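Structure, as structure tokens:
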Amino acid sequence: PAPAEEAPAPAAAVSADGVDRSEIERNANGSEEPSSGDPELWNVDNCEVDILVKYKMGGQMWYVQSRMRENTAKGKPIPGFPMNKKAEESGRYYSKDDVEFNQASTNFCDAAGWKAIQEQNPPAAA
């Protein structure tokens with residue numbers, strides 16, 4: 001018989017940076033693609049996503065982030081919820097458990113605006 005695979009260790013409820021990553025399955029602590037030095041973190045489908053950083057085009061994190069940005073520009077909520085204080089204070093329109101928050105938010109921008117934001121928020125050094 002093949003040896004049993006070890007289950008990954010459960011994430012700590014709240015990490016040293018004060019962020020609850022207990023539900024995160026992808027990109028915890030920017031493990032797959034780095035977050036910015038001062039990230040605005042969102043839990044979207046159990047993925048940790050920094051809405052501010054530039055992810056590798058065509059990758060999963062880029063795709064999820066692109067949908068987040070497009071939703072807010074179209075008057076639709078981000079399909080996830082804030083993970084840290086910066087995300088909470090952003091006042092962005094989002095939905096969690098079929099409840100919508102910040103519906104009147106104007107915190108969104110066009111492609112040129114996001115490009116400027118990405119340039120101001122480079123990935124954190126490893």
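All values reported here derive from a predicted model rather than from experimental measurement.
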Pro39 backbone acceptor or donor facing Asn84 side chain under 3.5 Å: yes
Distance in Å, Arg69 CZ paired with Asp110 CG, rounded so as to fall on 0.5 Å steps: 11.5 Å
Sidechain-backbone polar pair: Ser95 side chain, Glu100 backbone, donor-acceptor under 3.5 Å: no
Asp20 (side chain) donor-acceptor with Ser22 (main chain) under 3.5 angstrom: yes
Short N-O contact, Lys56 and Glu33, less than 4.0 angstrom: no
Side-chain cluster (under 4.5 Å, hydrophobic types only) that Tyr94 belongs to, other residues: Trp42, Val44, Val49, Ile51, Leu52, Val53, Tyr55, Met57, Met61, Trp62, Tyr63, Val64, Met68, Ile78, Phe81, Val99, Phe101, Trp114, Ile117
Donor-acceptor contact present, side-chain Asn102 to main-chain Ser105, <3.5 Å: no
Check: Leu41 main-chain N/O paired with Lys86 side-chain donor or acceptor under 3.5 Å: no
Glu48 bridged to Arg21 by N-O distance under 4.0 Å: yes
Sequence-distant partners of Glu119, side-chain hydrogen bond (donor to acceptor under 3.5 Å, both in side chains), two or more places apart: none
Presence of salt bridge, Arg67 and Glu70, under 4.0 angstrom: yes
Check: Glu40 main-chain N/O paired with Asp50 side-chain donor or acceptor under 3.5 Å: yes
